[in-house]
2 protein chains.
Amino acid sequence: MPKLGMEPIRRAALVKATIDEIGANGSLDVTVSQIAKRAGMSSALAHHYFGGKEQIFLAAMRHTLSVYAAEVRGALIMADTPRERLEAIIRAGFGTSNFRREVIAAWLNFYVLAQTSSEAKRLLTIYQRRLHANLMFNLRPLLGDDAQDAAYRIGGLIDGIYLREALTITKTSSKAATKHVLAALDLELGKTK
Amino acid sequence: MPKLGMEPIRRAALVKATIDEIGANGSLDVTVSQIAKRAGMSSALAHHYFGGKEQIFLAAMRHTLSVYAAEVRGALIMADTPRERLEAIIRAGFGTSNFRREVIAAWLNFYVLAQTSSEAKRLLTIYQRRLHANLMFNLRPLLGDDAQDAAYRIGGLIDGIYLREALTITKTSSKAATKHVLAALDLELGKTK
DNA sequence: TTGTTTATTGACTCGTCAATCAACAAAAAA
DNA sequence: TTTTTTGTTGATTGACGAGTCAATAAACAA
C-alpha cells in the first residue's frame, strides 16, 4: 500500500481540507480528526506530517496568502499603466478564488488566530504591508504625497468589504465589491462624475 | 449571605467579564469557568442565570451593540447639519469606549460567532443596517442619488479600519482612524484639497 | 413557625479532543 | 537477504470543559 513521496500530497490535501473545514464550520473550532477525515487519512497522520494543530492552521494560512499573492502578480503582468495596475490589484483581491465563502471565512478566522499566534500575526502583517506597498507604488505617480493616505483608505476599504461579505454573501457580491472599490479609487484619483 | 435582587448585578458582571475575557484571550475559546471566575462567582451560577455559553456570548454582543448605539445617539444630538452628523457618527464609532483592545477583539470574535449563530448574525446585520441608514439619511441631502454608494463605501471603510486595528493597536490609532475616515468623507462630498 | 422563593456552590457526569505509541506494511538501500 | 526509511492507523492516554444536581442558606410570605 504505502507509496513513496506521499508527504507533499498529504500536506497539500490537509491544507485544502483545513480551509474547507474552517469555511464549512465557520470557526477555528475544528478538530484535527475532522480535517484529516476530509483529507482522507487518519488524524495520527496529520500529526505525523505537521506536528500539531496550530502548524496545520499556519500552513493553511501561508497557502491562502500565497495563492492571493500569486493572483495579484498574475493580474499585474497584464497591466501597463499605474491606473491599470491599481485596477488589477483590486480585481485580483476580489477574484473568484479569494471570494468564495470558505476562503472568506478562513481569512476572517485567520485574523482571530493572529490575536493568539504571533506567527499568524506576522503573516497577516506581511499581507497588509504588501498590499499597501503595491497600492502606494502605483498611486504615487498619480497622487504624489497624497498616495500614502489614499493607499491606506483603499486598503482599508478592501478589508472592510471582505469583512462584510463574511457575513452575507450573494452571487453578485464579487462584482459589486469590485465596482465599489473601483469607484472609491476614481474618487481618490479626483474624477468627478 | 444571599442578598435578594442579585440577578441584574450578576448578569451585568458576567457580560462585562465575557467581553474582557474574550479580549484578554483573543478568541471565543474561553471557558464559562474563566468568565465566571473573572466575574467573581462559580460557573454553576453563570449557567443558572444564562442557561448556556452561547447565551452568555449573545448577551455580551447585545450589550456591546447597545453601548455603541447609545454613543452614536449621544453624538448626534450635538450635531445640527448633515455634515456635522456624519462626522459625529464617524467619531462615535471610533470613540474611546469602542476602540479599546478588548472591545475590538470582542467585535472581531462576534463576526466569527455570526458564522455559527443565526442570532449573532441577526444582531450584526442590524448594526450594519443601522449604520448604513444613518449614513444614508445624512448623505442624501448632500449627494442625492449617489448617497447609496457613498454610504456603502464609508461603512465598509469604518469596518475595514476596525479590522486592521484588531491586528495592531497603538495609542494614536483612534485619532488616525477618525482622520482617515473623515478624509474619505470629504472626498465623497467632493472637496478638492 | 412553616413553607416558598432566590442565591450559591462543590462535586460529579459525560463527552470530546490533542497528542502519543505500538505495530504493521512496503519500498529501497545495504 | 537483512536493514532502514517512509507511510499508515487503531487504540490509548490524559486533560479539560459544558452542563447538571443535590445540598445549603438567607430572605420573605403564610
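Chain letters run A, B, ... following the sequence lines, proteins first, then strands; residues in each count from 1. Please read all numbers here as calculations on a predicted model, not as lab measurements.
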Distance, rounded to the nearest Å, where A:Asp29 contributes CG and D:dA18 contributes C1' | 13 Å

Evaluate whether atom CZ of B:Phe137 has more than 12 neighbouring non-hydrogen atoms of other residues, nucleotides or ligands under 6.0 angstrom away.
-> no

Starting at CZ of B:Arg10 and ending at P of C:dT8, how long is that distance when rounded to a whole Å?
-> 4 Å

Taking all atoms of both residues into account, what is the closest heavy-atom pair of A:His47 and A:Gly52, and its distance?
-> CD2-CA, 4.1 Å

Counting side-chain heavy atoms from C-beta on, which of C:dC17, D:dG10, D:dG19 comes nearest to A:Thr31?
-> C:dC17

Working for side-chain contact (heavy atoms from CB on, under 4.5 Å), residues B:Arg101 and B:Glu165 = CA-CA 9 Å; B:Arg101 163 181 258 105; B:Glu165 293 309 325; over 6 Å; no

Over how many whole Å does the gap from A:His48 atom NE2 to C:dA18 atom C1' extend?
-> 17 Å

Please give, in whole Å, the distance from C:dT9 C1' to B:Met41 CE?
-> 12 Å

Close side-chain approach of A:Phe50 to A:Leu58, heavy-atom, < 4.5 Å | no

Where the side chain of B:Val32 is defined as all heavy atoms beyond and including C-beta, which of D:dA18, C:dT20, C:dT8 is the nearest nucleotide?
-> D:dA18

Quick one: B:Phe50 CZ to D:dA18 C1', roughly how many Å, whole number?
-> 16 Å

Considering only heavy side-chain atoms of B:Lys53, the closest of D:dG19, D:dT20, C:dC21 is D:dG19

Candidates C:dA19, C:dT8, D:dG7 - which lies nearest the side chain of B:Leu45 = C:dT8

Roughly how many Å is it from CD1 in A:Ile56 to P in C:dC17, rounded to a whole number?
-> 14 Å

State whether the number of non-hydrogen atoms from other residues, nucleotides or ligands found under 6.0 Å of B:His63 atom NE2 is greater than 12.
-> no

Measure from the side-chain heavy atoms of A:Ala44 and tell me the nearest of D:dG10, D:dT20, C:dA19.
-> D:dG10

Would you kindly give the CZ-to-P distance between A:Phe57 and C:dA19, to the nearest whole Å?
-> 10 Å

Take the protein atom CG of A:Leu4 and the nucleotide atom P of D:dT6, then report the distance between them rounded to whole Å.
-> 9 Å

Touch check for B:Tyr49, heavy atoms < 4.0 angstrom, all strands: base, sugar-phosphate only, or nothing?
-> sugar-phosphate

